[in-house]
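My questions all concern the structure below.
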2 protein chains.
Amino acid sequence: MAAGTFHKLRDEIENDILTGFFAPGERLDEVQLAGRFGVSRTPIREALIQLGAIGLVELRPRRGAIVVDPGANRIYEMFEVMGELEGMAGALAARRHTEQDRDKLLSAHARCERSATSGDTDAYYYDNELFHHSIYEASHSGFLLSQCTALHRRLRPYRRLQLRVRNRMKVSFSEHAGIVEAILAGEAETARALLRSHIAVQGDRFGDLIASLAVGDRKVS
Amino acid sequence: MAAGTFHKLRDEIENDILTGFFAPGERLDEVQLAGRFGVSRTPIREALIQLGAIGLVELRPRRGAIVVDPGANRIYEMFEVMGELEGMAGALAARRHTEQDRDKLLSAHARCERSATSGDTDAYYYDNELFHHSIYEASHSGFLLSQCTALHRRLRPYRRLQLRVRNRMKVSFSEHAGIVEAILAGEAETARALLRSHIAVQGDRFGDLIASLAVGDRKVS
DNA sequence: TTCAGTTCGATTGTATACATGACTGTTGAC
DNA sequence: GTCAACAGTCATGTATACAATCGAACTGAA
């Protein structure tokens, strides 16, 4: 097989987990996966071990790997931490952003506006990622960037479900405007607070999350 | 070999990296490691892949694994994020701690006092970990606990070097007192601010960090 | 009928063998 | 004398073989 096999395998399996092709709690059979990808068990194992280290699957010794089911509570906690990290990125970005960061942020913001007004949730979903990523980059902290990107990726499926909620997309975009303003004005603490509440799962959004998880559960059984 | 081999191997190699037995930049030869631990290359590879996912080693395709050298800047960034996460844990702990959390926190604080006054940096180093861990637990966020624990572990070697700086131990302990007070009083934002500055590498401590890294570098060459 | 004990099957964990790509050292040409 | 190309060696990546353990099913007795 081509070079970099098990890196690609890792991405493939990770993607299948994040998109829900493999449901939470499902067992990942090494032989079956090996057959599916046309490789031997070795690279499959190495991919699964990586996913285990990331926290996407649970590796039970001698008992195989299963897709982790974080549960509503853990997901809530992850959003909580994500809010804090994003807030930090925003605060740093407000203080450290360059002219180039400013252009990228505004450009991403403009793209979000287009997809939000056109009502295209899929497009908005992608542009929203760009927007947040541009904030991470503007923080000029490589480590924070990596942490935010990883957690953002981990929360991707739930974020996607949440966007489906009525009006969430428009509300999200209007929140972006304030965030951009605060960052470009250099108001670090304002940016932090706005981003924290932008990410946090509070009030009605908590109920939305629970509801969307229940939909996911139904698919499993 | 006994069960759970590659978990133990991972911990062994991780420990060797964190203690500096393997220097940053050093290449980790699979065959050599296999010989050293008396196993085949397979479990060694699986251990290295895990370490790669954590970020302790860099896996360059077809070119082997090397111990990551974060560099002063990256280490500074990691402390920055650590400060934010610890601050968050402290804030949550102030709001959510139970009677049991209170006892654990006070007990860890008392142990720190003993080792600080006795001047035993090694003991303090250990008790300090207990202290911080008790805060993570009191936050009652399983995910935050895992993130804090992982990053704390990652920063262990640098933290250890920093304790050697004159008076750092006593200053550290006196800061603990204020943190405990704020958490037990339920003053979330005070706890956050105190923890953030307790962790942060600012002012003189930045110079101390650079100096301690230079000592580490000398050992390499 | 139910529960405990045992045996068999299936799957994971490890070792070994093989293929492919990267590094080193030498040789040849300019 | 220096640089480039080539070949040989060695390490990594993958496949396969084997061993060890877990779980399930079956049998027997209470």
Side-chain angles (χ1 to χ4, degrees), chain A residues 1-17 21-70 220-221, chain B residues 1-18 20-70 220-221:
Chain A
M1 203 157 184
T5 301
F6 88 89
H7 292 273
K8 272 187 278 186
L9 283 176
R10 183 182 68 82
D11 291 343
E12 286 268 2
I13 300 175
E14 180 177 6
N15 209 43
D16 283 345
I17 292 174
F21 181 82
F22 292 128
E26 188 171 343
R27 190 155 153 282
L28 297 174
D29 188 77
E30 294 178 1
V31 180
Q32 191 179 321
L33 285 169
R36 202 178 123 197
F37 290 107
V39 297
S40 78
R41 276 177 52 219
T42 310
I44 296 288
R45 278 184 65 83
E46 300 189 338
L48 289 180
I49 286 169
Q50 280 203 341
L51 294 177
I54 297 172
L56 265 179
V57 305
E58 186 188 342
L59 301 170
R60 302 164 304 171
R62 287 271 173 210
R63 297 184 56 213
I66 59 171
V67 179
V68 165
D69 179 9
V220 177
S221 56
Chain B
M1 204 159 182
T5 301
F6 88 88
H7 291 271
K8 274 186 280 186
L9 284 176
R10 184 182 66 82
D11 291 342
E12 286 269 1
I13 300 174
E14 180 176 7
N15 209 44
D16 284 344
I17 292 174
L18 292 180
F21 181 83
F22 293 126
E26 188 171 344
R27 187 150 159 285
L28 298 174
D29 188 78
E30 295 178 1
V31 181
Q32 191 178 321
L33 285 169
R36 206 181 116 189
F37 292 106
V39 296
S40 80
R41 277 177 51 222
T42 311
I44 296 288
R45 277 183 67 81
E46 300 189 338
L48 289 179
I49 286 170
Q50 280 204 340
L51 294 177
I54 297 172
L56 265 179
V57 305
E58 186 187 344
L59 301 170
R60 303 164 305 171
R62 283 269 172 210
R63 297 183 57 214
I66 59 171
V67 179
V68 164
D69 180 8
V220 178
S221 56

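As the structure is a prediction and not an experimental result, all values here were calculated from the model. Chain identifiers are assigned alphabetically (A, B, ...) following the order of the sequence lines, protein sequences preceding nucleic acid strands; residue numbering begins at 1 within each chain.
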For nucleotides 10-12 of chain C, tabulate all protein N/O to nucleotide N/O atom pairs closer than 3.5 Å, reporting atom names and distance.
residue, atom, partner, partner atom, Å
dT11(C), O3', R27(A), NH2, 3.2
dT12(C), OP1, R27(A), NH2, 3.2
dT12(C), O3', R62(A), N, 3.4
dT12(C), O2, R62(A), NH1, 2.9

Query raised in the report: So, do L18(B) and L56(B) sit near enough that their side-chain heavy atoms are less than 4.5 Å apart?
Result: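 Counting from C-beta outward, L18(B) and L56(B) do come under 4.5 Å.
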
Query raised in the report: Between A65(A) and L59(A), what is the shortest heavy-atom contact and its length?
Result: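 Closest heavy-atom pair between A65(A) and L59(A): CB-CD2, 3.6 Å.
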
Requested in this report: Measure the distance from CD1 on I44(B) to C1' on dT14(C) and round it to the nearest whole Å.
Outcome: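 Distance check: I44(B) CD1 to dT14(C) C1' gives 12 Å.
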
Report task. Kindly write out the residues that satisfy side chain to side chain contact (heavy atoms under 4.5 Å, CB included) with R27(B), not counting sequence neighbours, or none if the list is empty. Result ->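 Partners of R27(B) under the side chain to side chain contact (heavy atoms under 4.5 Å, CB included) test: D29(B), R60(B), I66(B).
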
Query raised in the report: P24(B) and D69(B): which non-hydrogen atoms are nearest, and at how many Å?
Result: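 Scanning both residues completely, I find the closest heavy atoms to be CB-CB, 3.6 Å.
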
Query raised in the report: Looking at residues at least two apart in the chain, or sitting in another chain, which of them share a salt bridge (Lys or Arg N to Asp or Glu O under 4.0 Å) with R36(B)?
Result: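 Once residues adjacent in sequence are excluded, the partners of R36(B) under the salt bridge (Lys or Arg N to Asp or Glu O under 4.0 Å) criterion are D16(B).
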
Report task. Rounded to the nearest angstrom, tell me the gap between atom NE2 in H7(B) and atom C1' in dG13(C). Result ->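 In whole Å, dG13(C) C1' lies 10 Å from H7(B) NE2.
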
Query raised in the report: What is the distance from CG of L59(A) to C1' of dT21(D), rounded to the nearest Å?
Result: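 Going from CG in L59(A) over to C1' in dT21(D) covers 17 Å.
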
Query raised in the report: Tell me: CD of E46(B) to P of dT12(D), nearest whole Å?
Result: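 Rounded to the whole Å, the gap is 15 Å.
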
**Report entry** Distance below 4.0 Å between S40(A) side-chain N/O and dA15(D) OP1 or OP2
**Finding:**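 Answer yes for this pair, as a side-chain N or O of S40(A) is under 4.0 Å from OP1 or OP2.
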
Requested in this report: Report yes if some heavy atom in the side chain of T42(A) is under 4.5 Å from a heavy atom in the side chain of R45(A); otherwise report no.
Outcome: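 A side-chain contact under 4.5 Å is absent here.
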
